[in-house]
Every structure is written in C-alpha cells, then in structure tokens.
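The next block holds one structure in the form of structure tokens; read it before the comments.
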Amino acid sequence: MLSIDPLTKPPSIDLKLPGSKSITNRALVLAALAKGTSTLHRALFAEDTLAMIDCLRKLGVNIATDELNEEIVVTGCAGQLRSNGDPLWVRQSGTTARFIMPLAALAQTEVLINGDPQILKRPHGELFDVLKKMGVEIRFEGEENHLPARINGAALHVEKLHVNVEQSSQYLSALLLSAPCMPNDMALSLDGDAVSMPYLQMTLSMMNTFGASVEEVKKNQFHIRASGYKAKDYEIEPDASTASYFFATAALSKGRVKVEGLGKASIQGDIEFVDLLEQMGAEVTRNEQAIEVRGTDVLQGVHASMKNFSDTAPTLAVIAPSASTPSSVSGIGFIAYKESDRIAAVVTELQKLGIEAEDNGDGFTIQPGTVKPGIVHTYDDHRIAMAFTVLGLISNGVTLDDPECVAKTAPDFFEYVDQLRLEGDQELAILAIDGPAGSGKTSLAKRIANETGLEYLDTGAMYRSVAAKVIEEGIDPEDKELVIAIANRISIVFEGEEVFVEGDRLTDTIRSPQVNAVVSYVAANPGVRSILRRAQRSWARKRGGGVLEGRDIGTVVFPQARLKVYVTATPEERAKRRSLESGRPMEEILQEITGRDKIDSSRMDSPLSISNDALMVDSTGKTIDEVAEEILSSFHV
Ligand code: DC
C-alpha cells in the first residue's frame with residue numbers, strides 16, 4: 001500500500017529521467033547481434049531490461065553492466081547466437097518475449113522461452129505463425145500460441161513473409177531486428193492497419209544506426225539485407241512514456257517540468273502526448289535538448305485517437321477529470337492486451353474514485369469531476385500505478401494497493417516523484433541528525449524534539465524492524481527480493497518508546513544482538529531503502545516537519561533540511577555508551593559497531609557520509625545537554 005501525499009506547492013524542476021525501456025531493449029538486441037563491442041549510455045536498469053540482458057546472456061552474449069553509471073557494454077556475437085540449454089525467462093516483459101523469439105530461432109537448437117504468469121496470458125499468435133513459415137519448429141508447453149514455448153530454428157530459412165500488425169507492432173519489430181542476421185535477405189509485408197507505428201519507426205531508425213540496410217520497397221513492404229550489424233557507442237534517450245507522468249503533473253498543478261535529453265527530434269512516439277497537453281491548455285516548449293511543460297489556468301477536455309502513443313492513454317485518463325469539459329480517447333482497443341486490460345482498468349479505478357468514466361471498447365470517455373479518496377488497484381501494471389500516482393499528487397486520499405509494480409520500467413519512479421515535491425518540502429521544519437552507531441543521535445533527537453515541540457523519528461528502528469521480521473521468518477538477509485517484500489508488507493508503528501510491527505510489540509527484539517548482526521545487510525538493500533525513505537518523508541510531511549535521525553537523512557532523505565547535524569564520537573566512547581545501556585561487554589560492542597560502521601559507510605546506496613553543509617558535532621566527553629544546546633542555538637522551528 002502507498003498513500004500518495006498531495007503536492008503542497010506546484011513543482012518547478014528540470015528532471016533527468018532514466019533511459020527509455022523501448023530503446024534500451026532494442027539497443028541490447030542490436031548490440032548483441034552486432035560485430036564488435038558496443039557501449040550503451042543512459043541505459044535503463046529495470047525489470048524489463050534486466051529480463052532482456054538475462055535472456056541474451058543465455059544465448060551466449062557477453063554483457064557487462066554498470067548500473068551506477070547507467071552503462072552497458074555488450075560484446076556482440078556477429079549474429080552467431082548459441083544456447084547454453086538454459087530456458088529463457090522473460091519475466092513480464094512484452095518486448096523481451098517478442099524480440100527474443102526470432103533470436104532464439106537464430107541459435108538453431110531447441111530453446112525454451114518462459115516467463116511470469118502475466119506474460120503467459122498475453123497472445124503472440126501472429127509472431128509464432130510467421131516463425132513457423134520460416135521453418136521454425138514450435139512446441140507449446142501450455143496454451144496454444146502462448147508462452148511457455150519451445151522454439152527450434154534448426155531448419156531456419158527466410159522467404160517472403162507477411163505479418164499482421166493490428167494487435168501489436170512488436171511482432172514486426174521482432175522480425176525486423178533479427179532480419180539482418182538471417183541466412184538470407186528478408187522481404188516483409190505488413191497486413192492490416194498498424195498500431196503504434198512510431199515504435200516501428202524507432203526500430204527502423206535504430207537498425208539503421210547499427211549499420212543495417214532496410215529498404216521500404218513500397219508502402220508497407222520492406223527488403224532487409226542479411227548484412228549483419230556493426231557495434232556502436234549509443235546514447236539512449238530518457239523514457240518518454242515515463243516523462244508523461246511528470247508532464248501531466250506540471251499541467252495539472254500549474255507547475256513547470258522540463259525533461260532534459262528528450263528533444264523534439266526524439267525517436268519515441270510518446271512525445272506526442274505533450275501535443276495533447278498543449279491542446280488542453282498547457283504551455284509546451286520544445287527544443288533539440290529538452291521538452292518543458294507549464295500548467296496554465298486553462299485545462300479543457302480533448303477528443304483524440306491515441307493509437308500511435310497508447311502507452312500514455314492512462315496518463316491522459318487521470319488528467320481528464322480535472323478538465324472543464326469531457327474527454328474521449330479512441331483507437332486503442334488493442335491496449336486491452338497489455339500488462340492489464342488498460343481501458344477497463346482506468347475506467348474501473350476512476351469510477352471507484354467517484355469519476356464518471358465509460359469503456360467504449362475502442363477507448364474511453366471521462367467526465368470532469370472531483371476525485372474522492374479511495375484505494376486504487378494497480379493490476380500489477382506499472383502504467384496504472386504511475387498514472388494514478390499523478391492523480392494522488394493533485395487530490396486527497398489516493399492510495400495504491402501495490403506500488404512496487406513500477407519496477408517493470410521505472411524502479412526509481414517514486415524518487416523522481418519526490419523531486420516534484422522539493423518546493424513544498426523546503427517549507428518543512430526538518431532537523432536531520434546523522435552519525436554512526438552509538439554517537440548519541442537518539443537521545444539527542446528526543447531531547448531536541450522535546451524542547452522544540454516537534455516529533456522525532458528513529459529511522460534506524462525502521463531498518464531494525466525489517467531485520468527483526470527477516471529473522472523471525474527465517475529469510476536469508478541477502479535475498480534481496482524477499483527482504484523487499486517484507487519491507488513492503490509490514491506496518492511499523494511508534495508509540496512513545498514502543499515499536500509495533502504488524503501489531504506485535506518488538507521494542508526489545510529490534511535492539512537484540514541478532515538484529516544488530518543483520519541490520520546493516522538489510523539496510524544496504526536499495527529496494528528496502530527506497531520503501532523506508534518514502535515512509536520517512538511522508539511521516540515528516542504529515543507533521544509539517546520533525547527531528548529525524550539516521551545515516552542518510554541530511555544527504556538523501558531531506559537534503560534540503562532546515563538544519564543538518566552530523567554527530568560523532570570516538571569508537572571507544574560509543575562502545576562504552578552502548579555497553580552501559582545494555583550491560584554487554586564493551587569489547588564485543590566495539591567490534592560490532594566498527595563492523596557496522598564499515599558496511600554502512602561502504603554500501604552503494606546512500607552510504608553514511610557527511611553532508612558538506614552539516615553542522616559537525618563531536619560528542620566525545622560531552623553531555624547530551626551540552627550537545628543539544630549547541631544544536632538548538634542553530635535550529636529554529
Ligand atoms: O541507528 P541504528 O544503529 O539503530 O541503525 C540501525 C542500522 O540501520 C544501522 O546499521 C544503519 C542502518 N540505518 C541506515 O542505513 N539508514 C538510516 N537512516 C538509519 C539506520
């Protein structure tokens with residue numbers, strides 16, 4: 001569950017968003033098939049792209065990733081894919097499922113393709129039919145024309161092919177991407193009225209960049225030479241679909257959002273979404289390097305076909321209730337087969353929130369109205385979760401039942417959303433106290449909270465609560481996914497000195513040596529940090545501020561805190577204090593806290609570090625009163 005805090009001020013921000021999913025997955029395929037080594041810059045690291053990386057590795061491609069620098073280095077196989085016999089797991093990724101099928105055929109041996117339950121429900125019949133015409137043997141493990149399927153391209157040959165593109169353009173993109181590495185030239189004709197044409201253009205333009213020769217012989221007929229690909233240094237554009245949520249927020253809140261690196265010459269069709277915002281009344285500025293949207297006093301309804309940029313249809317759906325006149329979207333019947341039936345999903349959830357909305361089969365109609373509080377079901381669909389977050393930013397009481405599904409294409413989505421709140425967060429009376437274990441932070445925080453009338457939050461106790469549950473449930477603290485699921489599930493409630501986790505009193509348990517031993521591993525898990533950070537920020541917003549203590553409050557949670565303090569003391573003094581509190585031997589504690597300091601300061605995600613503008617306080621040899629006084633002389637509520 002995630003209750004979305006409404007914006008308290010309109011945003012005004014230049015955003016650097018992560019790379020496009022569609023471009024990253026195409027670039028991975030092209031680089032994998034190319035001759036030579038390619039470097040992909042601003043690559044997206046998300047469920048869908050990790051699925052592609054994983055599948056390509058199983059087809060013998062060497063891929064080195066550097067998530068921190070958003071870089072991927074791919075050693076191309078010059079079209080010579082080899083299966084190591086391992087099944088390919090596409091997770092929930094539609095692009096991976098479709099693009100990998102012809103690639104698996106190129107390996108010319110039996111390859112099993114499988115994935116998460118959601119993808120097993122999505123149809124791929126058209127693509128399987130074309131592959132069969134190419135001599136590929138296909139055996140379905142479950143339902144006909146669905147994954148899991150065994151693909152064997154031992155008898156692969158290429159002829160004149162027809163592909164129907166009424167349901168998804170991904171079938172055609174999949175065949176095109178693989179075509180230059182086929183045994184001979186491919187002639188491809190499109191049947192039907194194609195949906196999502198811009199994605200096809202993206203495929204063709206990227207194939208061209210990687211050195212392929214594709215000729216559009218006449219309209220809807222392509223000739224692709226079997227000439228292979230050449231490696232490239234390739235810069236991926238920021239994700240235009242993800243950008244839609246931020247542009248929409250600007251339009252709805254009369255704020256300003258600029259997305260850098262997404263220019264008017266973008267190869268992503270979803271930038272057309274800002275044209276609709278413009279029609280509705282927003283001000284849009286486009287240049288080569290960026291697109292900026294400014295909200296105005298006018299917001300009127302639109303009637304539009306979104307056939308070419310349907311991924312942003314849920315974004316439009318959440319703007320529509322705020323318009324002065326009704327809106328309707330058409331041409332998108334095919335999005336019923338995406339991660340969820342997206343037309344039904346947006347209509348049902350808007351109705352739940354008191355908005356009049358209608359499913360027209362080919363799209364939806366939405367009436368202006370006021371959103372009432374409610375719990376939105378996200379259908380395990382990232383786009384539904386992200387779109388309704390926008391609604392939560394401008395209305396009271398919108399809660400998502402499962403926010404984590406955003407990880408499919410935007411794992412850091414809520415961190416970016418928090419950037420929209422920077423203006424509002426600046427008004428909060430936040431005192432951030434950071435420092436190593438035993439430096440006296442908790443006593444100080446309590447004391448100062450008392451003096452100032454603010455509440456205090458011991459964020460370490462939140463990491464400890466997750467650790468306690470990990471131990472209770474016998475989970476391996478290094479199993480990232482399971483630990484994240486716990487952090488996501490549990491409720492942590494503080495009542496004075498007491499801590500309740502899922503209703504159980506765990507005040508003493510969270511301070512036990514067992515918890516001390518695993519908490520740093522739990523706290524080094526980026527997924528856990530992201531969930532707890534969100535809760536910490538929300539806690540302070542609901543109270544107009546507070547005294548927060550931990551390791552990353554001044555550096556990451558509230559970098560704009562009114563005052564940041566870094567408290568430290570010698571390791572011996574810290575161990576002595578903890579020994580007096582707990583009655584345990586000082587030597588043992590000294591070892592424990594120096595071990596924890598090391599992990600806390602060296603982890604990748606928000607390590608314990610000193611903010612440049614923090615007030616440094618050495619508490620060695622000082623009383624709490626002395627230190628508190630020092631801090632209070634610089635902090636005013
Ligand atoms: O402050 P403490 O000793 O109760 O913290 C417990 C652990 O949680 C510690 O190893 C570091 C981690 N922690 C963190 O990483 N970030 C915070 N904001 C607070 C604590």
Side-chain angles (χ1 to χ4, degrees), residues 415 418 430-446 456-471 477-478 480 483-484 486-487 490 492 494 497-499 501 506-540 546-559 561 564-569 571 573-575 577-579 581-582 584 589-611 614 619:
E415 291 292 324
D418 273 341
I430 304 274
L431 173 61
I433 306 182
D434 291 306
S439 55
K441 299 183 305 285
T442 310
S443 321
L444 264 176
K446 278 186 207 164
Y456 91 95
L457 182 65
D458 173 358
T459 62
M462 300 173 81
Y463 290 94
R464 289 175 175 276
S465 299
V466 178
K469 276 283 160 187
V470 165
I471 296 169
E478 306 266 16
K480 292 210 159 47
V483 177
I484 291 171
I486 289 193
I490 62 172
I492 306 170
F494 296 99
E497 301 287 305
E498 306 285 357
V499 182
V501 182
L506 293 192
T507 317
D508 307 314
T509 315
I510 65 164
R511 306 276 162 207
S512 65
Q514 289 86 336
V515 167
N516 286 343
V518 303
V519 66
S520 286
Y521 297 99
V522 168
N525 181 327
V528 172
R529 299 203 72 78
S530 161
I531 292 165
L532 296 189
R533 215 157 37 217
R534 231 185 275 156
Q536 291 155 13
R537 288 178 180 143
S538 185
W539 177 92
V547 181
L548 290 90
E549 56 107 344
R551 302 290 189 285
D552 60 343
I553 309 300
T555 49
V556 182
V557 181
F558 282 114
K564 302 176 193 176
V565 178
Y566 190 89
V567 201
T568 187
E573 168 113 2
R574 294 192 275 132
R577 287 179 191 161
R578 288 264 154 118
S579 167
E581 270 166 30
S582 63
R584 290 169 53 215
I589 296 185
L590 183 62
Q591 242 185 19
E592 197 179 277
I593 61 175
T594 45
R596 266 205 294 143
D597 284 353
K598 206 168 150 198
I599 306 177
D600 294 342
S601 320
S602 60
R603 65 177 176 231
M604 293 264 282
D605 188 337
S606 41
L608 173 64
S609 65
I610 307 168
S611 181
S619 67

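Atoms within a ligand are numbered from 1 in the order they appear, just like the ligands themselves.
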**Q.** For Asn516, the option from Glu592, Arg578, Arg511 that meets side-chain hydrogen bond (donor to acceptor under 3.5 Å, both in side chains)
**A.** Glu592

Q. Is Glu592 in contact with ligand 1, taking contact as a heavy-atom separation below 4.0 Å?
A. no

Q | Heteroatom proximity flag, Asp458 to ligand 1, N/O under 3.5 Å | A | no

**Q.** Residue Arg511 vicinity, atoms of ligand 1 by number, heavy atom under 4.0 Å
**A.** 4 (O)

Q) Which heavy atom of the protein is the closest neighbour of atom 20 (C) of ligand 1, given with residue, atom name and distance? A) Gly460 CA, 3.5 Å

Q) How close do Arg596 and Val519 get, heavy atom to heavy atom, and via which atoms? A) CD-CG1, 3.9 Å

Q) Closest non-hydrogen protein atom to atom 8 (O) of ligand 1, residue and atom name please, with distance? A) Tyr463 CB, 3.6 Å

Q: Heavy atoms only: give me the nearest Ala432-Ile553 pair and the separation to one decimal.
A: CB-CG2, 3.4 Å

Q) Which bit of Arg551 gets closer than 4.0 Å to ligand 1, counting heavy atoms only: side chain, backbone, both or neither? A) both

**Q.** Side-chain ion pair, Arg577 and Glu573, N-O less than 4.0 Å
**A.** yes

(Q) Below 3.5 Å, N or O to N or O, backbone or side chain included: is there any such pair between Glu549 and ligand 1? (A) no

Q) When you check the gap from the basic side-chain N to the acidic O, do Asp552 and Arg529 get nearer than 4.0 Å? A) yes

Q.
Taking 4.0 angstrom as the limit and counting only heavy atoms of Ser520, give me the atoms of ligand 1 inside it, by number and element.
A. 10 (O)

Q: Return the option from Arg529, Arg533, Arg596 holding the heavy atom at the smallest distance from atom 9 (C) of ligand 1.
A: Arg596

Q.
Please list, in number order, the atoms of ligand 1 under 4.0 Å from a heavy atom of Ala523.
A. 12 (C), 15 (O)

Q | For atom 7 (C) of ligand 1, closest protein heavy-atom neighbour | A | Val519 CG2, 3.6 Å

Q: Mind listing the closest non-hydrogen atom pair of Gly554 and Asp434 along with its distance?
A: N-OD2, 2.7 Å

Q.
Any salt bridge linking Glu549 with Lys446? Criterion: basic side-chain nitrogen under 4.0 Å from a carboxylate oxygen.
A. no

Q.
Does any N or O of ligand 1 fall below 3.5 Å from an N or O anywhere on Arg603, backbone included?
A. yes

Q. Taking all atoms of both residues into account, what is the closest heavy-atom pair of Ser609 and Tyr566, and its distance?
A. O-CE1, 3.9 Å

Q. Who passes salt bridge (charged side-chain N to carboxylate O under 4.0 Å, His left out) against Asp597, sequence neighbours left out?
A. Arg574

Q | Protein contact to atom 11 (C) of ligand 1 [nearest heavy atom, distance to 0.1 Å] | A | Asp600 OD2, 3.2 Å

Q. At their closest point, which heavy atom of Val501 faces which heavy atom of Ile490, and how far apart are they?
A. CG1-CD1, 3.9 Å

**Q.** For ligand 1, the portion of Arg464 having any non-hydrogen atom under 4.0 Å away
**A.** side chain

Q.
So if I count the atoms of ligand 1 from 1 in the order they appear, which ones are less than 4.0 Å from some heavy atom of Thr459?
A. 17 (C), 18 (N), 19 (C)

Q: Look up atom OH in Tyr456 and atom CD1 in Ile433, then write down how far apart they are to the nearest 0.5 Å.
A: 11.0 Å

Q: May I ask you to identify, for Lys441, whether its side chain, its backbone, both or neither come under 4.0 Å of ligand 1 on a heavy-atom basis?
A: side chain

Q. At a 4.0 Å threshold, what atoms of ligand 1 neighbour a non-hydrogen atom of Asp552?
A. 16 (N), 17 (C), 18 (N)

